Enquirer: 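Mind looking over this structure? Questions follow.
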Amino acid sequence: MLALAGCGGSQNALNPHSHQAADIANLFWVMMAVSFGGLALITGLLLFAWLRRGRRGVGADVDDPHPGEKPSWFVVVGMGVGFPLMVIIALFIVGNWAIINVTQAPAESSTAMTVGAVGHQWYWEFRYPGTKAVTADELHIPVGTRVNLVATTADVIHSFWVPALNRKIDTIPGQQNRILLYSNKVGVYRGQCAEYCGLQHAHMAMLVYVQPKAQFRAWLKGQAAPAAPPRTSLARRGEQAFLSGSCSSCHAVRGTPARGFVGPDLTHLASRTTLGGLTIPNTRDYLARWIADSQHFKPGNDMPDFHLRDSQLQALVAYLEGLK
Ligand code: CUA
């Protein structure tokens with residue numbers, strides 16, 4: 001039960017929201033049932049032998065071997081080798097035919113849209129081909145829509161995994177791997193990088209927002225638009241600091257000269273709910289602390305400490321908070 005407790009919440013392979021995830025969950029239960037069946041059978045036989053100990057032939061004194069009561073071929077070869085082999089082969093066939101086929105890359109013609117997922121050490125970049133929208137760590141898709149997810153990487157091997165929606169798909173350098181992303185229900189589903197990719201592998205999570213179609217279209221339109229210009233004088237100072245300082249060499253803000261691609265695209269940073277691969281919530285306080293000392297929250301990430309003055313920090317936060 002303690003082990004299964006980890007499967008709760010919004011990152012739950014046993015609470016599937018697609019045909020694919022449902023088949024994976026079913027396979028889990030079938031394997032679990034067969035395993036427990038096998039365990040019960042073996043335990044039962046052991047118990048049976050123990051209860052009958054001392055009788056002729058079963059657990060009898062070795063000095064009195066009772067010729068003619070040698071272990072039969074049926075027990076040794078049949079039950080010891082043949083039966084387990086049959087069970088394992090049957091599970092293998094069920095797993096392959098039932099799951100591999102249904103979770104393989106979808107025919108592109110069968111999908112309604114494509115989303116690109118790019119793994120970075122350590123965050124997820126999401127692109128919507130055909131639009132300028134680029135976001136990080138929080139992916140939005142419309143409900144009841146077959147999405148062709150194309151997974152690649154900017155550096156090492158990662159693995160895109162949203163347990164409630166489908167199996168894992170690795171991101172391999174120089175290669176594009178595809179998987180179907182589909183959800184039959186509006187909601188927020190958590191995903192996690194599932195391939196060890198360095199120090200902050202555990203802090204490489206993502207959220208999938210499954211939205212009603214009209215709401216998704218509105219969201220995508222907003223994300224595709226360039227950044228809102230700063231409204232207050234403090235935010236304008238923040239923009240200047242962002243563009244003239246080091247921020248813009250690593251981050252992009254569409255609609256400004258900032259075109260860096262090392263860190264996440266910040267064009268609509270304020271529309272996201274989390275920072276740093278879901279490490280901390282995207283609030284004013286956390287945002288300021290992240291800029292001032294991101295290594296505290298995520299040691300080893302690429303963002304250095306710029307030793308900003310407090311006034312600079314406040315201006316930057318005001319600017320970034322306006323990037324809705
Ligand atoms: Cu990326 Cu583990």
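The basis for the numbers below is simple: all heavy atoms, side chains too, and nothing from hydrogens, waters or symmetry mates. Atoms within each ligand, like the ligands themselves, are counted from 1 in listed order. No experiment lies behind these values; they were computed from the predicted model shown.
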Enquirer: Classify the angle between the aromatic ring planes of Y128 and F216 as parallel (below 30°), tilted (30 to 60°) or perpendicular (above 60°).
Expert: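 Taking F216 first and then Y128, their aromatic rings sit tilted (interplane angle of 30° to 60°).
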
Enquirer: Counting backbone and side chain alike, does T171 bring an N/O/S atom below 2.8 Å of atom 1 (Cu) of ligand 1?
Expert: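 Short answer: no, not a single N, O or S atom is under the cut-off.
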
Enquirer: Compute the angle centred on atom 2 (Cu) of ligand 1 spanning ND1 of H201 and O of E195, and express it rounded to 10 degrees.
Expert: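 It comes to 90°.
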
Enquirer: Working to 10°, measure the angle at atom 1 (Cu) of ligand 1 formed by atom SG of C193 and atom SG of C197.
Expert: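 Value returned, to the nearest 10°, is 120°.
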
Enquirer: Return yes if a side-chain donor-acceptor contact under 3.5 Å exists between D170 and S159, otherwise no.
Expert: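 Result is yes, a qualifying pair exists.
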
Enquirer: Of Q223, K324, H140, which is the lone residue that meets side chain to side chain donor-acceptor pair (under 3.5 Å) with S271?
Expert: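 Passing option: Q223.
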
Enquirer: Any side-chain donor paired with an acceptor under 3.5 Å for S18 and Y189?
Expert: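 Their side chains do not contain a donor-acceptor pair, so the 3.5 Å distance test is not met.
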
Enquirer: Tell me which N, O or S atom from H158 is the closest to atom 1 (Cu) of ligand 1.
Expert: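 Distance check against atom 1 (Cu) of ligand 1 picks out ND1 in H158.
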
